[in-house]
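Have a look at the structure below before the remarks.
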Amino acid sequence: MNETFYDVMRRQGITRRSFLKFCSLTAASLGLSPAFAPKIAHAMETKPRIPVLWLHGLECTCCSESFIRSGHPLAKDVILSMLSLDYDDTIMAAAGHNAEAIVDEIVEKYKGNYILAVEGNAPLGEDGMYCIIGGKPFVEQLKYAAESCKAIISWGSCASWGCVQAAKPNPTRATPTHKIPGLADKPIIKVPGCPPIAEVMTAVVAYLLTFEKLPTLDRQGRPQMFYSQRIHDKCYRRPHFDAGQFVEHWDDEAARQGHCLYKMGCKGPTTYNACSTMRWNEGVSFPIQSGHGCIGCSEDGFWDKGGFYQRLTDINDFGIEANADTVGGTAATVVGVGIAAHAGLTALNRSKKSGDKQTGAEQQ
Amino acid sequence: MTEPTLISNAVDASGIKSSPEGEGAQAVYVYEKPVRLWHSLNALVIVALTVTGYLIASPLASVGGEASDHFVMGYVRFLHFAAGYLLAIGLLFRAYWAYAGNEHARQIFMPPLLSREFWHGVGHEILWYTFLVKEPKKYIGHNPLAVLSMHFVFVWGALFMIVTGFALYGEGTGQGSWQHALFSSWVLPLFGDSQNLHSWHHLVMWLIVCFVLIHVYVAVREDKLSRQSMLSTIVTGWRTFKDDKPVDDVH
Ligand code: HEM
Ligand code: HEM
Ligand code: SF4
Ligand code: SF4
């Protein structure tokens with residue numbers, strides 16, 4: 001009755017040869033041994049296709065933009081045909097009530113069996129009125145679709161962490177998926193990044209669909225295979241970091257030589273993402289390779305930590321904008337001045353006391 | 001100052017014996033050798049960690065030439081990590097000595113927070129440092145205010161630096177390393193992300209800097225003004241007294 005992935009792909013005009021190639025590619029990008037390629041192929045030939053419902057909340061659509069530019073055109077074709085893109089605000093053909101009816105249809109027909117992909121997040125302020133889909137707050141659509149899904153993918157930093165629309169003071173109360181109150185308790189895979197790397201997105205979907213289980217997640221809920229290392233760990237400028245060769249100004253010789261961007265505020269040492277290994281746009285480059293530091297776009301709160309061009313970022317827990325050196329340096333100065341003053345007072349007191357002693361103080 | 005001879009078996013049951021200076025004042029063997037050794041090593045390590053830690057966050061001026069000819073940042077970080085290990089091992093050892101050593105070795109780990117007398121002592125020390133009482137109390141061990149700050153600022157501060165430090169270290173050694181399993185895996189989610197963790201590790205450095213500034217000032221000041229020896233005590237282990245009146249912290 002239900003079509004398999006393979007049926008769908010063939011219907012979309014993908015040859016068997018391309019299909020097998022895709023299986024090897026996917027195995028490789030997932031870090032699996034080549035022996036897994038036939039397994040992936042087998043799964044796709046036999047398993048009924050799982051639809052993916054792709055919802056959009058408060059967002060800039062950069063995740064979709066990234067996704068459809070997936071490096072390998074093959075991967076893109078295959079994945080796009082695997083996804084049931086019957087409903088995706090950005091690229092679906094249907095519009096209006098017809099389009100909204102599709103959501104109901106998928107929820108009814110595939111109860112408990114579809115993947116819910118969320119791009120963007122739901123603003124909770126004013127009962128969710130800051131983001132209206134089909135006449136209703138987005139948060140309601142999200143809760144409704146989450147109720148009967150199998151698992152949720154939080155695309156990008158918006159759905160994973162909140163991103164810029166959640167920046168202080170967050171007037172619309174934009175809230176990442178896992179913090180929506182009353183959301184059905186489903187497994188959530190976070191794929192942060194602004195946007196996430198296309199190949200990471202396709203690989204996550206391919207993994208879910210072929211293995212029908214979640215990839216291994218880290219404590220923060222990100223797939224380990226792509227988020228277990230920092231940009232800094234695999235950065236090709238790392239030898240300059242270890243040597244102590246830094247760009248000090250954007251127009252200096254070191255910048256031309258491609259030295260380390262640490263002093264220009266590069267957040268590579270604190271950012272978990274795959275940019276320095278997978279790179280962007282079919283592996284052409286990534287921000288650091290283009291001469292700009294990493295801004296930490298896949299990290300929670302990256303938008304609220306002060307300058308992208310400062311190594312030390314703001315600590316926001318004190319209600320003031322200050323970094324560790326301003327807070328700590330001030331404290332140490334105050335302590336130093338206090339000590340000097342105290343020592344002065346002590347000396348003064350002592351000279352007074354030795355004066356008293358003449359008149360027979362009881363203490364020696 | 002003449003050093004009391006270090007014959008601890010000449011000490012009576014209470015650990016008090018006549019001062020070899022023969023002034024009638026007593027001397028007490030307070031800080032055993034392991035505590036004294038730990039104190040100086042620990043002080044060195046903290047200074048090294050502060051300097052290298054600061055240089056990790058704000059590196060020295062760039063060096064020129066080929067990257068393969070230099071390893072400046074590499075050495076700074078290596079020193080930091082090596083000193084970090086020493087700090088951790090030292091504190092572990094010091095905690096063990098709180099169990100194995102004499103009663104004074106336990107002071108900085110177990111402040112008697114439930115004792116009213118202790119808090120009275122703290123109050124008295126505050127009055128003493130604000131020049132509101134003329135005469136300090138006389139202590140064999142640390143004074144109560146010192147115990148408080150050594151416990152809450154130094155012991156907990158150092159522990160904080162060790163936990164956050166190894167969590168940062170585990171980020172580099174990666175998943176599967178014991179540093180990651182033991183520290184990074186739970187500390188990173190606790191602080192939210194790596195950047196916050198760096199900031200807190202950095203901030204508490206300043207807390208420790210403040211502690212050291214005050215600690216050294218007070219140690220020198222008390223050596224001059226209090227009724228017992230200070231600097232010589234942390235060097236030789238013997239506490240000597242400047243008067244014959246009873247001590248205020250007989251346990
Ligand atoms: C980074 C530097 C330092 C740190 C972290 C530090 C920490 C400590 C700690 C934790 C103790 C308690 C010892 C115990 O009961 O186990 C102590 C005692 C002591 N330290 Fe330091 N110390 C430092 C540097 C110094 C320096 C430079 C001096 C000398 C000027 C000094 C003088 C003393 C004295 C005299 C005591 C004994 C205090 C007493 O008898 O109540 N310390 N220190
Ligand atoms: C008193 C103790 C310590 C002090 C004062 C200290 C200070 C610092 C400072 C200021 C930084 C720079 C933070 C930033 O990026 O803004 C740092 C980084 C670091 N510290 Fe410590 N630290 C201490 C103990 C430790 C310990 C015990 C370890 C464990 C091995 C450790 C490991 C690290 C690591 C791995 C980094 C990050 C290095 C990097 O990003 O390249 N620290 N420390
Ligand atoms: S450019 Fe950034 S990521 Fe690369 S080595 Fe320097 S600090 Fe690390
Ligand atoms: S290099 Fe950093 S800021 Fe740039 S895309 Fe990658 S994670 Fe985001």
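Treat the numbers as computed from the prediction; the structure is a model and nothing was measured. Order of the sequence lines sets the chain letters (A, B, ...), proteins ahead of strands, with each chain counted from 1.
- For a residue to count as touching a neighbouring chain, one of its non-hydrogen atoms must lie under 4.5 Å from one of that chain's; by this rule Ser58(B) touches chain A with the side chain only.
- By the 4.5 Å heavy-atom criterion applied to side chains, Leu225(B) and Arg350(A) are counted as neighbours.
- Both the backbone and the side chain of Asp325(A) have a heavy atom closer than 4.5 Å to some heavy atom of chain B.
- Atom CD of Glu66(B) has 12 or fewer neighbouring heavy atoms from other residues, nucleotides or ligands inside a 6.0 Å radius.
- In terms of heavy-atom proximity, Gly244(A) sits nearest to Val72(B) at CA-CB, 4.4 Å.
- The contact between Ala332(A) and chain B is made by backbone and side chain atoms together, counting heavy-atom distances below 4.5 Å.
- Both the backbone and the side chain of Arg311(A) come within less than 4.5 Å of a heavy atom of chain B.
- Of the two parts of Gln257(A), neither the backbone nor the side chain holds a non-hydrogen atom closer than 4.5 Å to a non-hydrogen atom of chain B.
- Of the atoms belonging to His198(B), it is side-chain heavy atoms, and not backbone ones, that fall under 4.5 Å from chain A.
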Show which side-chain atoms of residues 164-172 of chain B pair as donor or acceptor with protein atoms under 3.5 Å away, not counting sequence neighbours.
from, atom 1, to, atom 2, distance (Å)
Thr164(B), OG1, Phe160(B), O, 2.7
Thr164(B), OG1, Met161(B), O, 3.4
Thr164(B), OG1, His201(B), ND1, 2.8
Glu171(B), OE1, Ser194(B), OG, 3.0
Glu171(B), OE2, Tyr272(A), OH, 2.6
Glu171(B), OE2, Ser194(B), OG, 3.0

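- For the options Lys263(A), Lys267(A), Gln224(A), heavy-atom pairs under 4.5 Å to chain B are most numerous at Lys263(A).
- Looking at heavy atoms from C-beta onward, Ile56(B) lies in side-chain contact with Tyr262(A) at the 4.5 angstrom threshold.
- Of the charged side-chain nitrogens involved, at least one lies within less than 4.0 Å of a carboxylate oxygen, so that Lys305(A) and Asp193(B) count as a salt-bridged pair.
- Here the shortest heavy-atom pairing between Leu203(B) and Gly328(A) reads CD1-N, 4.2 Å.
- Residue Ala243(A) comes nearest to Ala67(B) through the heavy atom pair CB-O, 3.4 Å, listed as atom of the first residue, atom of the second, then distance.
- At most 12 non-hydrogen atoms from other residues, nucleotides or ligands lie less than 6.0 angstrom from OH of Tyr54(B).
- Interface check for chain B: of the options Asp300(A), Thr313(A), Asn323(A), the most heavy-atom pairs under 4.5 Å are formed by Thr313(A).
- The shortest heavy-atom contact between Ala324(A) and Ser199(B) is CB-O, 3.8 Å.
- For a residue to count as touching a neighbouring chain, one of its non-hydrogen atoms must lie under 4.5 Å from one of that chain's; by this rule Arg237(A) does not touch chain B.
- In the displayed structure, Trp250(A) atom CH2 is contacted under 6.0 Å by more than 12 heavy atoms of other residues, nucleotides or ligands.
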Would you sort out whether Glu299(A) and Gln195(B) count as a side chain to side chain donor-acceptor pair (under 3.5 Å), showing the intermediate values? CA-CA 9 Å; Glu299(A) 288 293 315; Gln195(B) 188 70 42; over 6 Å; no

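- Contact count against chain A (heavy-atom pairs under 4.5 Å) is highest for Ala57(B) among Ser68(B), Gly192(B), Gly74(B), Ala57(B).
- With a threshold of 4.5 angstrom between heavy atoms, Leu60(B) approaches chain A through N, CA, C or O but not through any side-chain atom.
- Among the candidates Asp218(A), Val247(A), Val335(A), the residue making the largest number of heavy-atom pairs closer than 4.5 Å to chain B is Val335(A).
- When Glu253(A), His259(A), Glu248(A) are each tested for a side-chain hydrogen bond (donor to acceptor under 3.5 Å, both in side chains) with Ser62(B), only one passes: Glu248(A).
- By the neighbour-count criterion of 12 heavy atoms within 6.0 Å, atom CZ of Phe78(B) is sparsely surrounded, having that number or fewer from other residues, nucleotides or ligands.
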Under 3.5 Å, which donor-acceptor pairs do the side chains of residues 338-346 of chain A form with other protein atoms, sequence neighbours left out?
from, atom 1, to, atom 2, distance (Å)
His342(A), ND1, Tyr217(B), OH, 2.8
His342(A), NE2, Tyr129(B), O, 2.6
Thr346(A), OG1, His342(A), O, 2.6
Thr346(A), OG1, Arg221(B), NE, 3.0
Thr346(A), OG1, Arg221(B), NH2, 3.2

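- In Tyr75(B), the OH atom is not crowded: 12 or fewer heavy atoms of neighbouring residues, nucleotides or ligands sit closer than 6.0 Å.
- For the residue pair Gln245(A) and Gly65(B), the shortest heavy atom distance occurs at NE2-O, 2.8 Å.
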